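Report on the structure given below.
As the structure is a prediction and not an experimental result, all values here were calculated from the model.
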Amino acid sequence: MEQTWDSYISSLNQNSLPRQVEVTQGRYSGSLENLSFSKGDIITVVDLEPVFVRAELKDGDQVLDVVTIPLRYEGNFQLMADPVSFETVADLTRSVRLPQSPVAPRSPPRFQNSIPISADNLPMKLRKGETLSLIGFEESRGRRLLQCEVLRKKPPLTVLLPMDCRGHFLECQDDRFYSIDTIVRWKMLAGRKRTVRVQARHHPKLLGPLVPEHFRGHLVLYPCFSVTANLLGETRVSIPSDLDISVTEIARLDRKPRTTMRQIYSMEESKFPVRVKIMNVVQSESKEYPKPLKRGQLLTILKTEEVKKFVATEISQGKKGKCFLVPYTYQGLVLRRGRYFYAVSDVAAAMKHGQLCFQASKDYTSYLGSFASFRANECFLALKKSVVSAEIHGELHRVEVLKCLNIATKAHVKLPLFAVGEFLELFDGARPGTLQELCQVTRLPCHVRVASPDPSMTVDPLYGTKELRIENVIIEQCLIAKDEPTLEDIISSADMYREWPETTFEIPIEKISFEVLVVEEHSWIADVRKERCRPLQSIQEVTKESLAFSNCLVIRRPPPPAPKPRSLF
């Protein structure tokens, strides 16, 4: 049904969010965060934030004035019970705001039922005239239930009412007084007018200059909301409720709202597993994502997980090539290799975790007598970094050096940090092991060679590379999912009774984003055999730019410049 934007927002409360609508008429182009809306645009309403309240001051049926009441207004008001009953529990929960989980609020809404109620899950028949205090919602076997407390029962009786339960629920008179902010946030009836009276001791003139001195009438409230919404692409914006556009709610299976993978990730652990249908791929920031997902695909989201991955780069003659994201559970066997250091400064940066041995691959001749020269294949043990004074053309300079032991001559030497030698780290041979095992005995970054491929992979892209530099370990927020065959998949299969694969895969929520529809919730958890699911090992080849931008790569710094005579400056 088509509605104006203002009318649609007035019909909502927090229980019904999120909701998704399509713009059907009207257009907005303005300065509002550079937003524009036109026919066909999709808006997902996720929250309502009150801004102020307009109110009609009425004496009987006569409107005396229309005033604006700020949320911080100091006077209190008493609610007048709504005279029209609700026919079902679903009608009740669409209008009355309740906490999403059962709590004990200080002033829960109360309704009296004017007909007897009996249901399969009720311990007893609710008699005519019973007063129910509405506490919150509860999930049971995939159904949403309203939790109520039957008043004036000893001991207190708590019941769960299904959404299709029929009755005549009439709001009880509430004798308490509330601030305008509390009323707008918790005591409004979505789709209905809320009428209040001013607290007797409060001076009504403060509401407006036209209010009579001894005003004993009532106010009809019309709150104005700021709407928090998601636009296509998960852009979150704040939209006023008075835009001149018309919308219609998008018809979906079971009238359930679409949601995003980021919202699925933020669900409570008890909600999983959940089966979803991909409605549209909103945005894919990474073309290297290994698992193609398409509209209409069914997935079972088993759980959320923070997934560890190694960042690896291929090394050839000291130069970096392809970049990979490698599962932390990678089972290929690797042999540690010595790291490559371009200059002495790189050796000094690497030895902060302890001493190390290295071998020069090229000659270096020092033009300063206090610093050592070296030849290709000479080996050194790095001892510590230091700063020494050196005379250059009669001028004294402070120079950073690495104090080392020449392994062949046993001489102690000083190598300046700016010296370039294309060094290779030396260490005692180690047995093959996994990357996880290697990280327990050495610090990253380190260099390895894959000695045998991961047996769980058909093709291991790391096997056959000459050398890999394991740069870092990153953590990605992922949904662990498995494919669900659709009816079309089963019909088109040559063997309708085939065993469909039970492999799981990861959906990194920062790299790919799409909207889904929740088809089934965790009530069918017994049908999901988690023990049968095995993780799908996959290695992603990624771009250097994406890794460098996210600080995953360890970027080598150039060596410091050699000191020059000050007379040259």
Assess the side chains of [X] and [Y]: does a donor N or O sit below 3.5 Å from an acceptor N or O?
{"X": "Asp483", "Y": "Gln297", "value": "yes"}
{"X": "Gln20", "Y": "Thr44", "value": "yes"}
{"X": "Glu2", "Y": "Thr24", "value": "yes"}
{"X": "Ser10", "Y": "Ser7", "value": "no"}
{"X": "Asp6", "Y": "Thr4", "value": "no"}

Using 4.0 Å as the upper bound for N to carboxylate O, is an ion pair formed by [Y] and [X]?
{"X": "Glu49", "Y": "Arg185", "result": "yes"}
{"X": "Lys271", "Y": "Glu268", "result": "no"}
{"X": "Glu306", "Y": "Lys308", "result": "no"}
{"X": "Glu506", "Y": "Lys309", "result": "yes"}

[atom1] of [X] to [atom2] of [Y]: how many Å apart, nearest 0.5 Å?
{"X": "Thr68", "Y": "Tyr73", "atom1": "OG1", "atom2": "OH", "value": "12.5 Å"}
{"X": "Ile117", "Y": "His168", "atom1": "CD1", "atom2": "NE2", "value": "10.0 Å"}
{"X": "Thr88", "Y": "Leu146", "atom1": "OG1", "atom2": "CG", "value": "11.0 Å"}
{"X": "Leu170", "Y": "Leu92", "atom1": "CG", "atom2": "CG", "value": "11.0 Å"}
{"X": "Leu57", "Y": "Ile69", "atom1": "CG", "atom2": "CD1", "value": "7.0 Å"}
{"X": "Arg97", "Y": "Leu134", "atom1": "CZ", "atom2": "CG", "value": "14.5 Å"}

[X] side chain near [Y] side chain, heavy-atom distance below 4.5 Å:
{"X": "Val196", "Y": "Arg194", "answer": "yes"}
{"X": "Cys148", "Y": "Ile135", "answer": "no"}
{"X": "Val307", "Y": "Ile475", "answer": "no"}
{"X": "Met80", "Y": "His218", "answer": "yes"}
{"X": "Arg110", "Y": "Leu132", "answer": "no"}
{"X": "Lys128", "Y": "Asn113", "answer": "no"}
{"X": "Gln477", "Y": "Tyr265", "answer": "yes"}
{"X": "Pro109", "Y": "Glu171", "answer": "no"}

Sequence-distant partners of Arg192, side-chain hydrogen bond (donor to acceptor under 3.5 Å, both in side chains), two or more places apart: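 Result, side-chain hydrogen bond (donor to acceptor under 3.5 Å, both in side chains) vs Arg192: Asp82.
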
Ring geometry between Phe310 and Tyr328 (parallel below 30°, tilted from 30 to 60°, perpendicular above 60°):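 Parallel, since the angle between the ring planes stays under 30°.
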
Other residues, nucleotides, ligands: >12 heavy atoms within 6.0 Å of Glu269 CD: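 Counting other residues, nucleotides and ligands, CD of Glu269 stays at 12 neighbours or fewer.
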
Test log, rule salt bridge (Lys or Arg N to Asp or Glu O under 4.0 Å), inputs Glu249 and Arg19: CA-CA 8 Å; Glu249 191 165 83; Arg19 278 286 184 262; 3.2 Å; yes

Intermediate values then yes/no, side-chain contact (heavy atoms from CB on, under 4.5 Å), Ile264 and Phe272: CA-CA 9 Å; Ile264 294 285; Phe272 293 96; 4.0 Å; yes

Working for side-chain contact (heavy atoms from CB on, under 4.5 Å), residues Phe86 and Ser95: CA-CA 9 Å; Phe86 295 90; Ser95 188; 3.5 Å; yes

Intermediate values then yes/no, side-chain contact (heavy atoms from CB on, under 4.5 Å), Asp91 and Val89: CA-CA 5 Å; Asp91 295 335; Val89 170; over 6 Å; no

side-chain contact (heavy atoms from CB on, under 4.5 Å) evaluation trace for Ile180 with Arg72: CA-CA 8 Å; Ile180 196 69; Arg72 62 179 181 276; over 6 Å; no

